[in-house]
Amino acid sequence: MRWVLGIESSCDETAAAIVSPDGRVLRDVVASQIAEHAPYGGVVPELAARAHLRAVVPVIEAAVAALPGGLDDVDGVAVTQGPGLVGVNHLDGHLLAVQLRREGDDAPPVPYPYVALLASGGHTALYRVDAPDEVALLGQTRDDAAGEAFDKAAKLLGLGYPGGPVIDRLAAEGDPKAVKLPLPFASKKTLDFSFSGLKTAVARHVQKHGPPADEGALADLCASFQRSVVHVLAKKAVAACEAEAVPRLVLGGGVAANAGLRARARELCEQKGVALHVPPLKSCTDNAAMIAYAGALRLARGERDDALRVFSRDPKRRRGKFRRDGTLVKRRPPSSAG
Ligand code: KG4
Ligand code: ZN
């Protein structure tokens with residue numbers, strides 16, 4: 001097997017990539033819909049579906065153009081959740097993205113096991129990754145995802161969507177101790193997170209003191225908010241490494257782009273003797289290269305999905321255990337494949 005085509009369209013990015021089973025990224029194409037959703041302050045599913053339909057064929061064509069033989073050179077197809085030869089769980093993609101090898105990047109593969117902090121707009125969780133197909137959930141958010149908290153706080157402050165990058169930029173100019181905000185779950189033993197109260201605290205601060213009067217006050221509020229999120233994320237991630245006796249931490253998801261999180265994680269990891277791996281930005285945010293790679297590993301193990309069976313709502317055609325909404329809970333072993 002030489003090349004796997006990955007296709008990703010689970011949120012607001014339409015993406016396709018060509019990746020080898022050892023993680024070499026030949027091409028990685030991402031069409032973002034951010035501009036379309038920005039006026040609404042978040043992803044609008046109907047708009048997303050229509051934009052995916054428009055973008056998916058050109059994006060796949062652009063990825064496949066990297067292969068001299070075009071589609072004939074593709075040995076496998078991996079698609080996030082929806083039908084394809086291998087249905088890849090979007091989160092598996094994020095957890096393995098650190099293993100991708102991009103042009104000019106000759107970092108060696110990250111050894112297993114590692115603890116992964118996945119913080120994006122839709123998810124915030126800690127995992128122990130022993131192998132690509134051996135992943136254990138250690139803790140997760142009980143309400144909002146970290147990226148969602150950034151987006152909601154930004155919306156409150158009239159900073160537009162997505163909120164993470166703007167708050168990150170403004171926070172660099174502000175005093176993180178200027179506004180006292182809660183550090184949710186920071187002193188609790190659990191590896192779970194909670195971010196909805198933090199958004200409420202920002203809303204209350206604005207109600208009480210009015211919107212930030214000038215650039216300086218805005219930067220202070222952003223820095224204080226970011227400090228709270230980042231403090232808890234980094235603390236729990238390193239605590240997970242200690243609890244699991246795994247001295248290796250990988251960051252993933254869009255929030256891994258955050259300068260404050262990177263700095264705080266680096267500081268704590270150094271203190272505790274934990275090796276920190278932060279993939280390049282392109283690998284942190286939604287992309288199809290991580291989906292292609294996760295799919296390639298499963299294809300290499302001989303796994304195959306029948307597109308119609310795996311995702312069929314017809315019980316007789318299903319292979320595996322499904323929730324009522326049709327999403328897969330547990331895959332039946334490939335040996336029983338029809
Ligand atoms: O992983 P991703 O591209 O998409 C999914 O949600 O799956 O993550 C997007 C999220 C958004 O909530 C965005 O605000 C956040 O990641 N984000 C950031 C930064 N860049 C993106 N959050 C904090 N700081 C950043 N620099
Ligand atoms: Zn994602």
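Note: hydrogens, waters and symmetry copies are ignored here, and every other heavy atom, side chains too, is used. In each ligand, atom 1 is the first atom listed, and ligand 1 is the first ligand listed.
Ser10 and His90 are linked by a side-chain donor-acceptor pair at a separation below 3.5 angstrom, with hydrogens and angles left out of the test. Using modelled atom types, one finds a donor on one side chain and an acceptor on the other under 3.5 Å when comparing Gln33 with His52. Donor-acceptor pairing under 3.5 Å is lacking for the side chains of Asp144 and Ser196.
Of the heavy atoms in Asn258, both backbone and side-chain atoms come closer than 4.0 Å to ligand 1. The parts of Thr285 lying near ligand 1 are both backbone and side chain, judged by heavy-atom distances below 4.0 Å. With a 4.0 Å cut-off on non-hydrogen atoms, His123 does not touch ligand 1 at all.
Remark: ligand 1 and Gly147 share an N or O pair separated by less than 3.5 Å (distance only, no angle test). At least one N or O atom of Gly121, backbone or side chain, sits closer than 3.5 Å to an N or O atom of ligand 1. Residue Gly164 has at least one N or O atom closer than 3.5 Å to an N or O atom of ligand 1.
Distance from atom 4 (O) of ligand 1 to its nearest protein heavy atom, with residue and atom name: Asp286 OD2, 3.4 Å. Among all protein heavy atoms, the one lying closest to atom 14 (O) of ligand 1 is Asp151 OD1, 2.7 Å. Given atom 26 (N) of ligand 1, the protein heavy atom at minimum distance is Asp168 OD2, 2.8 Å.
With rounding to the nearest 0.5 angstrom, the CE atom of Met290 is 3.5 Å from the NE2 atom of His94.
Results of the side-chain contact (heavy atoms from CB on, under 4.5 Å) test with Tyr127 over Leu138, Val115, Leu95 single out Leu95 as the only residue that passes.
Atom OD1 is the N, O or S atom of Asp286 at the shortest distance from the Zn ion (ligand 2). Looking at His90, its N, O or S atom nearest to the Zn ion (ligand 2) turns out to be NE2. Within His94, the N, O or S atom at minimum distance from the Zn ion (ligand 2) carries the name NE2.
The backbone N or O of Val110 lies less than 3.5 Å from a partner atom in the side chain of Gln99, making a donor-acceptor pair. With Arg262 contributing its side chain and Ala256 its backbone, the two residues share a donor-acceptor pair below 3.5 Å. Side-chain atoms of Glu134 do not come within 3.5 Å of backbone N or O of Ala131 as any donor-acceptor pair. Looking at Ser194, its side chain never comes within 3.5 Å of a backbone N or O of Pro184 through a donor-acceptor pair.
Ranked by closest heavy atom to atom 20 (N) of ligand 1, the top entry among Gly254, Gly122, Gly163, Ala154 is Gly254.
Every atom of ligand 1 is numbered from 1 in the order shown, and the set under 4.0 Å from a heavy atom of Pro162 is 14 (O).
For His94, the heavy-atom gap to ligand 1 drops under 4.0 angstrom.
In the hydrophobic clustering of this structure, Val229 groups with Leu251; members are Ile, Leu, Val, Met, Phe, Trp, Tyr whose side-chain heavy atoms approach within less than 4.5 Å, directly or through other members.
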